[in-house]
Amino acid sequence: MKILVTGGRGFIGSHFVEQALKRKWSIIDIDKLTYAAHQSLPWDNHKNYTLIKADISEIDHLTSCDILINFAAESHVDNSITSSNAFVKSNILGVHNLLELVRGKPSYDRPLFFHISTDEVYGDRLTGEFTEEDKLSPSNPYSATKASAEMLVLAAHRTYGLDYLITRSSNNYGERQYKEKLIPKCIDCLENDKSIPIHGDGSYIRDWTFVKDNVAALILLIDKKVKNNIFNIAAENYLTNLDVASTVIGWMGKDHSSIRYVENRWGQDVRYAVAASKIKNLGWKPVHSKGLFNWLNH
């Protein structure tokens, strides 16, 4: 199988590429190599891996492939609040450009467009869980650009007949995550004798999914040849931000004086929660469903 990956040098994308190469799939990886990308990875010289340094909003050609899976995105909410220009360019204009390039191919050469989205497109809710049929109500520029990209994908399917998949995963964690995200930020702060900044009182809730579990769900959908559908991916592993910070503090032998409470993020989402029953009905389950504490204590 030949797969065109965008953003394969980033956190989730790199884990997908790693597993795909183990399956002997051929991978062409288009990555802009921004600040959060990995400049070197163990498979750089793999015979089935090719890296193309490029911006998805500017490329003018797509090689033939079976699937185009789009991980490329600006993803840090705080950065989007400070300045959303890069988010609009990558997350909206980049997706639009990719769709146009797919649309321009002969029908027999069009790949499945597999778009990686986020649970943040739903916004927050105090109780219950969002399903794939619920309305999108993003709260910040980042999630708004991701929701916009989804609308472009769905419109391309309706208007031009492009086949697609969309997955909306909850907060991922694991190796190779950039230090602006909560868990690696906690670790980095403690290693450098800095205090950990926690928004508000730390009570905001996220559902934490191990990155390899997320990738397993993506590969399951590919194996089952699913198309023209949307799936939530989540582990039902709910923790407050304070829970997460406290766990890292305990793991590293520090105390709670390492926490510094800061003002709330603008547009702060209180709780993310999505139902993953649809993907579970296909046979997926999170192997590390309650593994945050185990992973941190490895």
Side-chain angles (χ1 to χ4, degrees), residues 11-12 70-96 115-155 157 164-173 177 180-183 185 197-209 211 214 217 229-244 262-280 286 292:
F11 172 44
I12 302 175
N70 179 44
F71 295 96
E74 295 288 337
S75 66
H76 190 44
V77 174
D78 287 345
N79 289 348
S80 80
I81 293 171
T82 301
S83 176
S84 60
N85 290 342
F87 290 75
V88 170
K89 183 177 182 183
S90 179
N91 301 0
I92 300 178
L93 298 180
V95 170
H96 174 261
H115 181 64
I116 306 303
S117 192
T118 170
D119 63 348
E120 295 190 38
V121 295
Y122 295 111
D124 60 357
R125 63 185 299 164
L126 298 180
T127 60
E129 299 173 328
F130 289 111
T131 70
E132 290 85 352
E133 289 74 35
D134 281 314
K135 180 182 73 172
L136 305 190
S137 185
S139 304
N140 54 64
Y142 160 64
S143 55
T145 59
K146 294 296 285 186
S148 299
E150 288 196 28
M151 297 300 101
L152 287 171
V153 173
L154 295 175
H157 169 67
Y164 76 93
L165 266 177
I166 296 173
T167 56
R168 300 167 179 157
S169 66
S170 65
N171 277 37
N172 276 216
Y173 69 95
Q177 191 170 31
E180 67 191 0
K181 304 298 185 179
L182 181 57
I183 293 175
K185 177 186 280 289
I198 296 293
H199 289 119
D201 61 2
S203 64
Y204 305 120
I205 296 171
R206 304 292 183 259
D207 182 358
W208 293 88
T209 300
V211 62
N214 184 14
N229 218 324
I230 301 172
F231 293 87
N232 294 332
I233 301 173
E236 299 178 352
N237 187 26
Y238 296 107
L239 294 167
T240 68
N241 292 344
L242 186 58
D243 288 335
V244 174
V262 299
E263 65 181 25
N264 279 326
R265 171 189 284 161
W266 292 353
Q268 178 71 57
D269 284 324
V270 175
R271 175 179 176 268
Y272 294 142
V274 297
S277 55
K278 189 173 176 180
I279 186 73
K280 288 179 179 178
L292 178 60

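Quick note: numbers below take in every heavy atom, side chains included, and nothing from hydrogens, waters or symmetry partners.
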Distance-only, no hydrogens or angles: does the S148 side chain make a donor-acceptor pair with backbone N or O of A144 under 3.5 Å? yes
Is there side-chain contact between F130 and D119, with heavy atoms separated by less than 4.5 Å? no
In Å and rounded to the nearest 0.5 Å, what is the CZ to CD1 distance from F71 to I116? 4.5 Å
Is D243 reaching over with its side chain to a backbone N or O of T240, donor-acceptor style, under 3.5 angstrom? yes
Among V95, V88, V121, the one residue meeting side-chain contact (heavy atoms from CB on, under 4.5 Å) with T145: V88
Do you know the tightest heavy-atom contact between Y204 and N264? OH-OD1, 2.6 Å
Is the shortest side-chain heavy-atom distance between D134 and R125 below 4.5 Å? yes
How long is the straight-line distance from CH2 of W208 back to OH of Y272, given to the nearest 0.5 Å? 11.0 Å
Under 6.0 Å from the NE2 atom of H96, do we count more than 12 heavy atoms belonging to anything else shown? no
Side chains of F87 and P141 in contact at under 4.5 Å (non-hydrogen atoms): no
Heavy-atom check, side chain of L242 versus side chain of D201, under 4.5 Å: no
Closest heavy-atom pair and its distance - Y238, A273: OH-CB, 3.5 Å
State, yes or no, whether a side-chain contact exists between N229 and K278 at a heavy-atom distance under 4.5 Å. yes
Between Y142 and T118, is there a side-chain heavy-atom distance shorter than 4.5 Å? yes
When rounded to the nearest 0.5 angstrom, what distance separates OG in S137 from CD in E120? 12.5 Å
Decide yes or no for L182 and I198: does some side-chain heavy atom of the first lie under 4.5 Å from some side-chain heavy atom of the second? yes
How close do K280 and A234 get, counting heavy atoms only, and between which atoms? CE-O, 4.4 Å
For Y122 and L136, run side-chain contact (heavy atoms from CB on, under 4.5 Å): C-alpha distance rounded to whole Å, both residues' side-chain angles, the deciding distance at 0.1 Å, then the answer. CA-CA 4 Å; Y122 295 111; L136 305 190; 3.9 Å; yes
Quick one: which of H115, E133, R168 gives a side-chain contact (heavy atoms from CB on, under 4.5 Å) with I230? R168
So how far is it from N214 CG to T167 OG1, rounded to the nearest 0.5 Å? 6.5 Å
Taking all non-hydrogen atoms of both residues into account, name the closest pair between V153 and Y164 and its distance. CG1-CB, 3.6 Å
Separation of S80 OG from N140 CG (nearest 0.5 Å): 5.0 Å
Under 3.5 Å, is there a donor-acceptor pair between the side chain of S143 and the main chain of S139? yes
So which of I279, N232, V274 actually passes side-chain contact (heavy atoms from CB on, under 4.5 Å) with E132? N232
Could you walk me through whether D207 and N171 pass side-chain contact (heavy atoms from CB on, under 4.5 Å), step by step? CA-CA 6 Å; D207 182 358; N171 277 37; over 6 Å; no
Should S75 and K181 be marked as a side-chain hydrogen bond (donor to acceptor under 3.5 Å, both in side chains) after you check the CA-CA gap, both sets of side-chain angles, and the distance that decides it? CA-CA 10 Å; S75 66; K181 304 298 185 179; 3.3 Å; yes
Search all heavy atoms of K146 against all heavy atoms of A73 and return the closest pair with its distance. NZ-CB, 3.8 Å
When rounded to the nearest 0.5 Å, the distance separating CD of Q268 from CD1 of I81 is 8.0 Å
Any donor-acceptor pair under 3.5 Å from D124 side chain to V270 backbone: yes
Tightest non-hydrogen contact, residues T209 and I233, listed as OG1-O, 4.3 Å
Using the test salt bridge (Lys or Arg N to Asp or Glu O under 4.0 Å), find all partners of D78 that sit at least two apart in sequence or belong to another chain. R265
So, N91 side chain and E74 main chain: donor-acceptor pair closer than 3.5 Å or not? yes
